Amino acid sequence: MDIIEEGKGELLGFHDPDEQRAWIALNKSTALVDKRMTVAEAVEKFIPDGSYIASGGFGHIRVAMSVIYEIIRRKRRNLAIAGKTAVHDFDVLMGAGCIAKCETAYSFGHELRGLSPASRRAVESGRVKVVAETSNAGYQWRFLGGMMGVPFIPARNLLGTDTLKYSSAKSAIDPFTGKPVVLIPSANPDVVLMHVPRCDKYGNCQIDGILIMDYELSRSARRLIVTTEEIVDEEEIRKAPWRTVIPYMYVDAVCEVPFGSHPCQMPYLYFFDEEIIGEWLALSKTDEGVNEFFDKYVFGVKDFNEYLERAGGSAKLEHLRRVERLEEQMRAPWLKGKKE
Amino acid sequence: MDIIEEGKGELLGFHDPDEQRAWIALNKSTALVDKRMTVAEAVEKFIPDGSYIASGGFGHIRVAMSVIYEIIRRKRRNLAIAGKTAVHDFDVLMGAGCIAKCETAYSFGHELRGLSPASRRAVESGRVKVVAETSNAGYQWRFLGGMMGVPFIPARNLLGTDTLKYSSAKSAIDPFTGKPVVLIPSANPDVVLMHVPRCDKYGNCQIDGILIMDYELSRSARRLIVTTEEIVDEEEIRKAPWRTVIPYMYVDAVCEVPFGSHPCQMPYLYFFDEEIIGEWLALSKTDEGVNEFFDKYVFGVKDFNEYLERAGGSAKLEHLRRVERLEEQMRAPWLKGKKE
Amino acid sequence: MAETNGYTENELLISVASKLLEDNTSALVGTGLPMLAGMLAQKTHAPGLLLIFEAGGIGAQMPTLPISVGDSRTFHRAVAASSMHDVMSFAQAGYVDFGFLGAAQLDKHGNINTTVIGDHDHPKARLPGSGGANDVGSFTRRTIIIIRQDKRRLVEKCDFVTTPGYLDGEGARERAGLPKNTGPYRVITQLGVFDFGGKNKTMRLIALHPGVTVADVEAATSFEIEVAPKLDTTVPPTAKEIEILHREIDPAGIVLKK
Amino acid sequence: MAETNGYTENELLISVASKLLEDNTSALVGTGLPMLAGMLAQKTHAPGLLLIFEAGGIGAQMPTLPISVGDSRTFHRAVAASSMHDVMSFAQAGYVDFGFLGAAQLDKHGNINTTVIGDHDHPKARLPGSGGANDVGSFTRRTIIIIRQDKRRLVEKCDFVTTPGYLDGEGARERAGLPKNTGPYRVITQLGVFDFGGKNKTMRLIALHPGVTVADVEAATSFEIEVAPKLDTTVPPTAKEIEILHREIDPAGIVLKK
């Protein structure tokens, strides 16, 4: 199998599978122990400066925002981040100066809401480096390989493009067909953050709705911090074991954080808080605005509960619940601006 | 990536991904149409002589036995079969003379119950050829590759053994680590048979309990015949879409067959019928016994319902339900024989 | 938002795109215009169209317009709420007929840039990157590109090829290892519709929207454009289509008011 | 079934195997003796032992002894009812401490045959094949081999190497590409216990069961066997262990009465 082309992107989060196995032998345990801790403790313990982090969920859906805010509060620096259709998490971490480099599948944009002023400024000014490009499937399969303990996954995307040229993948001749395939290197992020609707104190997690990349991503993580709407009794897990998407062995920290995805969506529970997202998009047009946002919502509050109060408290949260259940219309400043 | 070693096994069920895509374009449809038919119709339509077939489930668990019996009844010949910890299905098809060749991960045995006289005789006499060896993970990943539309999946098993030498895999130098890896070729079986607890008339299937290889196997199939304990309304599927293990697009036939896994187990519903399995194991020690079994249970009955009657009817089925729910002890002739 | 003849540009683009989607086929859609085109097709000529979202939503019955590709609306009453691995495998294996792509830059072979304007490592403007676009452009049988065209967007050469079109022409996709029988199918702009029947797999104008001339198109394209022998005029969106779009699909104006 | 000193061979093998399993570790188990060893360990010194089945059962609370690796008992009140892809990935990634293997033939380097006696294509006796054995032997950190030994089983050279032991000795697994720090850990037979501390990663007798001599072992082995400087005598199963096995784990005698 001859190599045709080697992407010049930095190989973020790649570990020789033997080295990864040795790390697991030393650092992970299959013991069924209580892993509950606060978000502050989890960030302190598992996210040192310089970590390569990846966030579960997608865009503004099911994101462990309490961990993201805590990373900012603790002024973590020189992080590398997976831009795996990371959107809000990515943008605020970039804005807060936590990030030194990233690999991008989709970043710098908030889908329909428009581009991300803060993180674009960070990259265009040279403060942050995009060290590799990939695609959504590219990332998905980096984590599949990471989960499987193999060095790469073959695929048929990326080929022929600059995305390949700037990726960490290689193309090679497949020995079974004689045709070119791309070899997507596996990834085992230093830390993965994930928000789930429910889990037990050991970390056995259920997820309602689409899994996005989280089945493979959770299993590829070196350290896995789970925040959850609710900690349920072990009995809830054991009575329907086929609902366990992430078994406890992969999990390092379990933090109970109701509304922990806010201002992002939690399927079946609450809708995007488009007012907060809109406020961020508006303020983050300048560095001063970025500071104003963080002073108000991160440094100016002592924890996530106080943040939720400031974001509108129980009236706002009830509204978001009702929008998610299709009982109310969403309120979006970016939508109001469009009224003719 | 240089090739180190090439297994000399036959590459069963492998298709160049482009050829497989062309086949899908021509033969599969994403239209949401009623796919209900009888097992007889499904076998007639989708399993011609010479097909390469693979069976869902595992050992004696969740096996589409009504399809297996129908293949025997219709005297299909020259089939190739995936010995993917296929046990009862494999053994009776071998015994019935339907199989010309197989690739083996685990065959020729019934786990704790002992070896398989009929299929061992078939191979030892030269009537059936084992054209390739692999392992359970080897098969699992052949189907993962088949599902993904890639030519192979890299792995770290098989290496250094005769299992590799007699497999259809190759070993090669991984270009990321410089170490050897095995490349497991993908498989897209001509026909996959699967039994599920419930699905709708379009083929959207839910499965309770472990999936074994069926997530990937169903998606790798060219033709997928699903038998189900129960056809439920589309509404049942749509109200809990995360429970859909197999979406309808992969499915070609939906056959409602209550107790369709008998004498194999259907998790949560009914236990193994060890009396029938034991009868087969005892009779299949000779070719005459094999004929006696099939005369009684296949050729001597007009359909699966009549077979169930002959196997003990509703009293037996209720017993198997009760054993599965831990309300009664199993009755196993091979166990009785062991009493000291 | 320019409204002429009783319809807006967005309505026109959506209507034209929706008509390309055949009944009982499948389409991998993103947010914005493609989602509206898919939903409009389902409500008009293609009730059997399967809509799939890369984050895992398969065959949803969407109660309101999703604002994200992973939004819970994308798997509301779906046949399956699955995963990206599942959906991308489905596409790579060859099950998906149509895919939609947007572009910041588009060249004559249908190659697309959504990554960066200027040099990659010293960008003039950083864009979101591939997202699922490279995957859609690699795996689906026929991709439909929707772009508001001008000379800065329809360029001789993209600053960065994020997503493959026909690369440098006939046979290049296959030589690169991309799946056979895939590639750009149509380009829809505010001026007209293009296929890739031009020399060596290049864009060819096959229809003009009402009131547009070939000269208008040429003035908004940086490369030489071929014109099909039989040049059609687009059928504009009907009042019925416009009503469905505003009443049933996007009453809040999330996309339509852009 | 020979009963001496108040315990059977099976009880002895199970007891010895169970003591090798450390608390708070994980083991990939099959049906038969390994499953009983794992369950006994959980009920004695290793309540935190995680038992995993290759078909997808993770951390079950088994109400009765499963008779198959996919039997619903293997995921009864489990922490997860998963899949083979998931469990095999878990093992390949390096999470599994112990694996169990049986053998029709075993050589001095711990290589195992469960595929065929005689020539592969013209077999004298066809056996089941690898099943998950090759995977267990490739992926888990320490494999425990249980075999009833005699000269036909402990052979100079296997007719077919189904599952890798140390192949042809020191460093051979790594050279073949198998994961580092894996391989056979102990062999347990009806006569004694072996490790692989012999020259060039060969079997070495480290313990004799009560009443067995080195000569007995030599007489039941086709290759020369090294003997550890300090040769232990196996602690036989206690009455308590035997009671747990018969009362709680296998009251029906599914395995114990074999």
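All figures in this text were calculated on a predicted structure; none of them were measured in a lab. In what follows, chains carry the letters A, B, and so on, assigned in the order in which the sequence lines appear, proteins first and then strands, with residues in each chain numbered from 1.
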K.L.:
Find the one option among C:Ser83, C:Ser26, C:Gly48 whose heavy-atom pairs under 4.5 Å with chain B are most numerous.
P.N.:
C:Ser26

K.L.:
How about C:Val96 and B:Met249: do any of their side-chain heavy atoms sit closer than 4.5 Å?
P.N.:
no

K.L.:
Please look at C:Asp86 and chain B and tell me whether the side chain, the backbone, both or neither of the residue comes under 4.5 angstrom of a heavy atom of that chain.
P.N.:
both

K.L.:
Verify, without hydrogens or angle tests, whether B:Arg243 (side chain) and C:Ala81 (backbone) share a donor-acceptor contact under 3.5 angstrom.
P.N.:
no

K.L.:
By a 4.5 Å heavy-atom criterion (distance strictly below it), what part of B:Tyr215 contacts chain C: side chain, backbone, both, or neither?
P.N.:
side chain

K.L.:
Atom CE in B:Met147, atom NE2 in C:His85: separation rounded to 0.5 Å?
P.N.:
3.5 Å

K.L.:
Flag the pair C:Lys180 / B:Glu19 as yes when at least one side-chain heavy-atom distance between them is below 4.5 Å, and no otherwise.
P.N.:
no

K.L.:
By the salt bridge (Lys or Arg N to Asp or Glu O under 4.0 Å) test, which pairs, at least two apart or in different chains, include something from residues 25-40 of chain C?
P.N.:
none

K.L.:
May I ask you to list the residues in residues 66-79 of chain C that approach chain B closer than 4.5 angstrom, counting heavy atoms only, ordered by number?
P.N.:
C:Phe75, C:Arg77, C:Ala78, C:Val79

K.L.:
Of all heavy-atom pairs between B:Ile24 and C:Ala93, which one has the smallest distance, and what is that distance?
P.N.:
CD1-O, 3.3 Å

K.L.:
Let me know if C:Thr25 has heavy atoms under 4.5 Å from chain B in its side chain, its backbone, both or neither.
P.N.:
backbone

K.L.:
Is it true that, when you exclude C:Asn181 itself, more than 12 heavy atoms of the residues, nucleotides or ligands shown sit nearer than 6.0 Å to its CG?
P.N.:
no

K.L.:
I'd like to verify something: which residue of C:Ala80, C:Ala91, C:Ser82 has the highest number of heavy-atom pairs under 4.5 Å with chain B?
P.N.:
C:Ala80

K.L.:
Counting only non-hydrogen atoms closer than 4.5 Å, does B:Glu235 touch chain C with its backbone (N, CA, C, O), its side chain (CB onward), both, or neither?
P.N.:
side chain

K.L.:
Quick check for you: among B:Arg219, B:Glu234, B:Gln20, B:Glu216, which has the greatest number of heavy-atom pairs under 4.5 Å with chain C?
P.N.:
B:Arg219

K.L.:
Taking the side chain as C-beta and beyond, is there a heavy-atom pair between C:Thr182 and B:Arg21 under 4.5 Å?
P.N.:
yes

K.L.:
Chain C: which of B:Gly146, B:Ala25, B:Ala240 shares the most heavy-atom pairs with it under 4.5 Å?
P.N.:
B:Ala25

K.L.:
Just how far is it from atom CD1 of C:Ile52 to atom OG1 of B:Thr30, taken to the nearest 0.5 Å?
P.N.:
7.0 Å

K.L.:
For the residue pair C:Ser89 and B:Met148, what are the closest heavy atoms and their distance?
P.N.:
OG-CG, 3.4 Å

K.L.:
Determine the option with the most heavy-atom pairs under 4.5 angstrom with chain B, choosing from C:Leu49, C:Asp23, C:Asp97, C:Leu50.
P.N.:
C:Leu50

K.L.:
If you count heavy-atom pairs under 4.5 Å with chain C, which of B:Pro247, B:Pro241, B:Pro17 comes out on top?
P.N.:
B:Pro241

K.L.:
Against chain C, label B:Lys28 side chain, backbone, both or neither, depending on which of its atoms sit under 4.5 Å from a heavy atom there.
P.N.:
side chain

